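A short worksheet on the structure shown next.
Worth saying up front: this structure is predicted, and the values here are computed from it rather than measured. Throughout, protein chains are lettered first and strands after them, A, B, ... in sequence-line order, and every chain is numbered starting at 1.
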Amino acid sequence: MASPVFAEVWKLVRTIPRGRVATYGQLSQMIGRRLTPVGIGWAIRASEGLPWHRVINARGGISTDNDHPGLQRALLEAEGVRFDRDGLVDLETYRWKGPRGATRGA
DNA sequence: TGGTTGACGACAT
DNA sequence: CATGTCGCCAACC
């Protein structure tokens with residue numbers, strides 16, 4: 001693979017529980033800021049078979065609508081993630097806290 | 001080899 | 001509150 005950081009991103013994305021979401025900036029910080037949010041996008045885009053639909057922007061909105069119109073939202077809704085009228089996810093509710101954040105009850 | 005763009009984010013205006 | 005600019009890492013031309 002191109003870079004170990006990519007693998008980290010992939011592993012991290014794979015760790016996101018079903019019905020939960022993470023932001024690009026969040027993942028960027030999780031890997032120690034070794035990759036910028038844009039880099040996260042690159043890593044995910046260059047991967048296959050990942051739950052990429054669980055990765056959204058800092059506003060809780062979809063940033064992949066250009067590549068897959070409506071797909072990401074549909075996939076998330078299929079997992080029980082609700083969108084408001086602005087098409088945004090309530091990060092306070094669905095934001096994934098990380099691999100160790102699971103220690104706390106929902 | 002160098003410059004620009006991008007599945008983004010935060011701050012300044 | 002909306003728009004503009006810079007930062008960041010990797011890919012593309």
Side-chain angles (χ1 to χ4, degrees):
Chain A
M1 43 192 71
S3 177
V5 256
F6 272 44
E8 285 189 51
V9 175
W10 298 344
K11 187 170 64 176
L12 210 46
V13 172
R14 264 188 276 261
T15 315
I16 304 176
R18 193 167 171 280
R20 213 41 85 71
V21 298
T23 69
Y24 294 98
Q26 192 184 340
L27 292 173
S28 177
Q29 265 194 355
M30 278 182 184
I31 64 172
R33 206 65 184 179
R34 272 169 294 162
L35 227 57
T36 61
V38 186
I40 301 294
W42 265 105
I44 295 174
R45 197 186 181 203
S47 67
E48 291 180 34
L50 263 91
W52 56 271
H53 56 275
R54 297 184 190 145
V55 184
I56 59 186
N57 60 37
R59 287 173 4 196
I62 305 300
S63 300
T64 65
D65 219 53
N66 200 21
D67 279 326
H68 314 284
L71 177 59
Q72 186 165 10
R73 170 166 179 165
L75 290 170
L76 287 174
E77 286 183 322
E79 296 187 350
V81 178
R82 293 202 194 175
F83 288 74
D84 60 16
R85 63 168 180 77
D86 292 322
L88 301 180
V89 175
D90 183 5
L91 291 175
E92 292 301 307
T93 302
Y94 297 105
R95 184 194 279 174
W96 176 54
K97 302 290 185 11
R100 317 177 354 168
T103 55
R104 269 201 304 96

Rounded to the Å, how far apart are [X] [atom1] and [N] [atom2]?
X        : N       : atom1 : atom2 : answer
Asp65(A) : dC8(B)  : CG    : P     : 12 Å
Leu27(A) : dC8(B)  : CG    : C1'   : 11 Å
Ile44(A) : dC8(B)  : CD1   : P     : 10 Å
Arg45(A) : dT5(B)  : CZ    : C1'   : 11 Å
Gln29(A) : dC8(B)  : CD    : P     : 17 Å
Ile40(A) : dA10(C) : CD1   : P     : 11 Å

- Query: So, do Asp90(A) and Asp84(A) sit near enough that their side-chain heavy atoms are less than 4.5 Å apart?
  - Reply: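 When only atoms from C-beta onward are counted, Asp84(A) and Asp90(A) do not touch, as no gap falls below 4.5 Å.
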- Task: Side-chain contact test, heavy atoms from C-beta onward, threshold under 4.5 Å: evaluate it for Leu88(A) versus Phe83(A) and give yes or no.
- Result: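 No, side chains not in contact.
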All N/O contacts under 3.5 Å from nucleotides 7-9 of chain C to the protein, with atom names and distances to one decimal?
none

- Message: My understanding is that only one of Val13(A), Leu35(A), Val5(A) makes a side-chain contact (heavy atoms from CB on, under 4.5 Å) with Ile40(A); could you say which?
- Response: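 Per the side-chain contact (heavy atoms from CB on, under 4.5 Å) rule, the option paired with Ile40(A) is Leu35(A), out of Val13(A), Leu35(A), Val5(A).
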- Task: Go through residues 48-57 of chain A and report each residue with a non-hydrogen atom lying under 4.0 Å from DNA chain B, sorted by number.
- Result: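 Those residues whose heavy atoms fall under 4.0 Å from DNA chain B, taken from residues 48-57 of chain A in numerical order, are Trp52(A), Asn57(A).
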- Identify, residue by residue, the members of residues 66-87 of chain A with a heavy atom below 4.0 Å from DNA chain B, and return them in order of residue number, or none.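 Those residues: none at all.
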- Item | Joint cluster assignment, Leu76(A) & Leu50(A), ILVMFWY side-chain distance < 4.5 Å |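 Looking at the clustering, Leu50(A) is in a separate group from Leu76(A).
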- Co-membership, hydrophobic cluster, residues Met30(A) and Ile16(A), 4.5 Å side-chain: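 Result: yes, single cluster for both.
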- With sequence neighbours excluded, what pairs up with Trp42(A) under the ring-ring contact (aromatic ring centres under 6.0 Å, His included) test?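 In terms of ring-ring contact (aromatic ring centres under 6.0 Å, His included), with neighbours along the sequence ignored, Trp42(A) is linked to no residue.
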- Item | Heavy atoms of other groups near Asn66(A) CG, more than 12 under 6.0 Å |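 12 or below, so no.
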- Can you tell me, in whole Å, how much space there is between the P of dT5(C) and that of dT4(B)?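 That atom pair is separated by 15 Å.
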- Short question: side chain of Gln26(A), backbone of Trp96(A) - any donor-acceptor pair under 3.5 Å?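 Side chain of Gln26(A) to backbone of Trp96(A), a donor-acceptor pair under 3.5 Å: yes, one is there.
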- All pairs passing salt bridge (Lys or Arg N to Asp or Glu O under 4.0 Å) where residues 22-42 of chain A contributes a residue, at least two apart: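 Pairs touching residues 22-42 of chain A that pass the test: Glu8(A)-Arg34(A).
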- Query: Can you list every pair that meets salt bridge (Lys or Arg N to Asp or Glu O under 4.0 Å) and has a residue in residues 43-64 of chain A, with sequence neighbours left out?
  - Reply: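 Listed by first then second residue: Arg54(A)-Glu79(A).
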- Item | Heavy-atom pair with the smallest gap, counting every atom of Ile56(A) and Gly61(A) |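 Ile56(A) and Gly61(A) have their closest heavy atoms at CB-O, 3.3 Å.
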